[in-house]
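Comments concern the structure below.
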2 protein chains.
Amino acid sequence: MGNTAQQIEHAIAGSGRRLTGPRRTLAEALLTLGDHFAAEELLQAAPGVGRATVFRTLRMLQESGLVCQVVMDDGRTVYRLGSEEHHHHVICSECGAVADIASMRLEKALGAIAVETGYEVDAHRLELYGRCPGCRVAAISST
Amino acid sequence: MGNTAQQIEHAIAGSGRRLTGPRRTLAEALLTLGDHFAAEELLQAAPGVGRATVFRTLRMLQESGLVCQVVMDDGRTVYRLGSEEHHHHVICSECGAVADIASMRLEKALGAIAVETGYEVDAHRLELYGRCPGCRVAAISST
DNA sequence: TCACCAGTTGAGACATTGGCTCAACTTCCG
DNA sequence: CGGAAGTTGAGCCAATGTCTCAACTGGTGA
């Protein structure tokens with residue numbers, strides 16, 4: 001995703017929110033951080049920004065759909081800069097690579113479940129864990 | 001799920017594991033704990049059993065399929081005594097009720113995704129959040 | 001029955017992830 | 001430019017879980 005700091009800053013400064021120094025710093029730090037990152041990494045990549053601000057901003061970005069949260073296999077959570085569209089993740093248990101999933105079929109199955117259970121479902125969390133193609137090849141060739 | 005303490009104890013004492021006092025205490029405490037519970041609640045329901053043992057045993061029971069872990073809407077995790085069969089959960093954001101889902105359609109969609117991504121998927125985590133029928137009714141009548 | 005040893009335990013410190021408070025500060029609007 | 005309102009960060013708190021390690025114990029072989 002070719003997000004730029006300006007795009008992120010622009011998204012931040014919506015609905016009565018201010019574009020402050022720390023937020024700018026975070027916007028830039030986000031871009032230096034690779035595909036996914038822990039909150040702690042963002043904290044370190046943004047010198048001078050306090051811990052509370054990092055978490056606050058992360059939450060804000062999640063609400064804006066600019067960042068999504070991924071729960072890893074072992075329970076750790078990482079964040080990911082990404083598109084606003086609804087999607088899920090496949091995570092490699094070996095190298096940690098995260099790939100997006102967008103499956104109409106899956107969404108429909110989820111919809112059907114909502115109906116069957118009688119629940120009014122308004123959110124869900126879905127993560128798949130496995131081994132990415134690269135790590136599969138590596139595992140085979142190292143045998 | 002009419003689990004009895006004996007059933008749980010039996011399941012614990014498999015593959016070279018010992019049936020110890022603390023484990024018996026935990027097996028009985030589990031039965032007093034309602035549909036789902038936090039680790040902390042189990043700890044309190046099992047007097048004399050140390051924190052480390054509670055978490056160790058919970059992990060053991062998860063590996064045996066006797067207990068499953070549910071990540072709540074807000075990130076808290078609760079545990080649930082349940083069947084070994086693979087299933088997912090719908091969680092009511094209001095009253096916390098947890099219901100099981102077992103959908104062939106969903107499993108198939110997940111399988112298709114695994115193929116599409118090229119990942120060798122071996123596990124996943126899926127939770128749906130919403131409002132249960134009871135809370136929906138309550139919300140309407142309190143209007 | 002007994003002794004032994006591998007598996008198990010618990011106290012307590014530590015780690016991780018995140019939230020809260022509140023006085024000081026900064027943005028941005030008028 | 002001035003001030004209200006949004007924002008910040010230091011530091012402390014909380015929840016959830018892990019680790020260490022000496023002491024203990026279940027179950028087995030004799």
Side-chain angles (χ1 to χ4, degrees), chain A residues 8-29 33 36-64 67-80 96 125 127, chain B residues 5-6 8-29 33 36-64 67-80 96 125 127:
Chain A
I8 300 174
E9 290 174 5
H10 184 262
I12 287 176
S15 51
R17 282 176 303 198
R18 292 182 184 167
L19 188 52
T20 64
R23 286 178 179 169
R24 275 178 220 264
T25 306
L26 286 171
E28 274 162 31
L33 277 183
H36 57 278
F37 52 90
E40 203 59 32
E41 292 177 289
L42 179 55
L43 176 58
Q44 275 163 22
V49 177
R51 170 182 301 275
T53 300
V54 168
F55 283 102
R56 273 189 296 239
T57 306
L58 273 175
R59 193 168 3 133
M60 192 181 87
L61 291 172
Q62 279 176 71
E63 277 155 18
S64 314
V67 155
C68 55
Q69 200 184 42
V70 182
V71 179
M72 304 294 274
D73 213 355
D74 57 8
R76 281 177 343 206
T77 69
V78 298
Y79 300 85
R80 197 154 193 265
R125 189 194 290 276
E127 263 96 40
Chain B
Q6 281 71 38
I8 300 173
E9 290 175 2
H10 185 262
I12 287 175
S15 50
R17 282 176 303 197
R18 291 185 187 166
L19 189 50
T20 64
R23 285 179 183 170
R24 275 179 220 264
T25 305
L26 287 171
E28 275 161 31
L33 279 182
H36 57 279
F37 52 89
E40 204 58 31
E41 292 175 291
L42 180 54
L43 177 57
Q44 275 162 22
V49 178
R51 169 182 299 276
T53 300
V54 168
F55 282 102
R56 274 189 294 238
T57 306
L58 273 176
R59 196 175 351 144
M60 194 180 84
L61 291 172
Q62 280 177 71
E63 277 157 17
S64 312
V67 156
C68 56
Q69 200 184 44
V70 182
V71 179
M72 305 293 275
D73 213 356
D74 57 8
R76 281 178 345 209
T77 69
V78 298
Y79 299 85
R80 197 153 194 265
R125 189 193 292 274
E127 263 97 38

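All values below come from the heavy atoms of this structure, side chains included, with hydrogens, waters and symmetry mates left out. We name chains A, B, ... by the order of the sequence lines, and we start the count at 1 in each one.
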**Request:** Give the C-alpha distance, both sets of side-chain angles, the deciding distance and a yes or no for side chain to side chain contact (heavy atoms under 4.5 Å, CB included) between Val54(B) and Arg51(B).
**Result:** CA-CA 5 Å; Val54(B) 168; Arg51(B) 169 182 299 276; 5.7 Å; no
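- Straight-line distance from the CG atom of Leu61(A) to the P atom of dT7(D): 13 Å, rounded to whole Å.
- Rounded to whole Å, the distance from CZ on Phe55(A) to P on dA14(D) is 17 Å.
- Protein atom CG of Leu43(A) is 14 Å distant from nucleotide atom C1' of dG11(D), rounded to whole Å.
- The shortest non-hydrogen separation linking Ala46(A) to Leu26(A) is CB-CD2, 3.6 Å.
- Taking atom CG on Leu42(B) and atom P on dA15(D), their separation rounds to 17 Å, with Å as the unit.
- Nucleic acid contact class of Arg23(A) (heavy atoms, under 4.0 Å, all strands): sugar-phosphate only.
- Nucleotides of DNA chain C lying under 4.0 Å from heavy atoms of chain A occupy a range whose first and last members, 5' to 3', are dT17(C) to dC28(C).
- Checking the phosphate oxygens (OP1, OP2) of dG17(D), a side-chain nitrogen or oxygen of Tyr79(B) falls inside 4.0 Å.
- Mapping Met60(A) and Thr77(B) onto DNA chain D via the closest heavy atom, the residue that lands nearer the 5' end is Met60(A).
- The nearest heavy atom of DNA chain C to Glu40(A) and to Arg17(A) marks one nucleotide each, and the one closer to the 5' end goes with Glu40(A).
- What separates CZ of Arg51(B) from C1' of dT16(D) is a distance of 8 Å, to the nearest Å.
- Taking CZ from Arg23(A) and CZ from Arg17(A), the interatomic distance works out to 7.0 Å, rounded to the nearest 0.5 Å.
- Using a 4.0 Å heavy-atom cutoff across all strands shown, Gly48(A) reaches sugar-phosphate atoms only and no base atom.
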**Item:** Derivation and outcome, side chain to side chain contact (heavy atoms under 4.5 Å, CB included), residues Val70(B) and His36(B)
**Value:** CA-CA 9 Å; Val70(B) 182; His36(B) 57 279; over 6 Å; no
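- No hydrogens or angles were tested; on distance alone, nothing pairs the side chain of Arg76(B) with the base of dA15(D) as donor and acceptor under 3.5 Å.
- When every heavy atom of Glu9(B) is checked against every heavy atom of Glu28(B), the shortest pair comes out as OE2-OE2, 4.2 Å.
- The residue Arg56(B) sits close to a base: some heavy atom pair falls under 4.0 Å.
- The Pro22(A) side chain lies nearest to dG9(D) when the options are dG27(D), dT18(D), dG9(D).
- Atom-to-atom, CE of Met72(B) to C1' of dT16(D) comes out at 15 Å; the value is rounded to the nearest Å.
- For Arg80(A), the side chain to side chain donor-acceptor pair (under 3.5 Å) partners are Asp35(A), Asp100(A), not counting sequence neighbours.
- Residue contacts for Ala52(B): at a heavy-atom cut-off of 4.0 Å it reaches a base atom on one of the strands shown.
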**Request:** Just do the side chain to side chain contact (heavy atoms under 4.5 Å, CB included) check on Val49(B) and Leu43(B) with the steps written out, would you?
**Result:** CA-CA 7 Å; Val49(B) 178; Leu43(B) 177 57; 5.6 Å; no
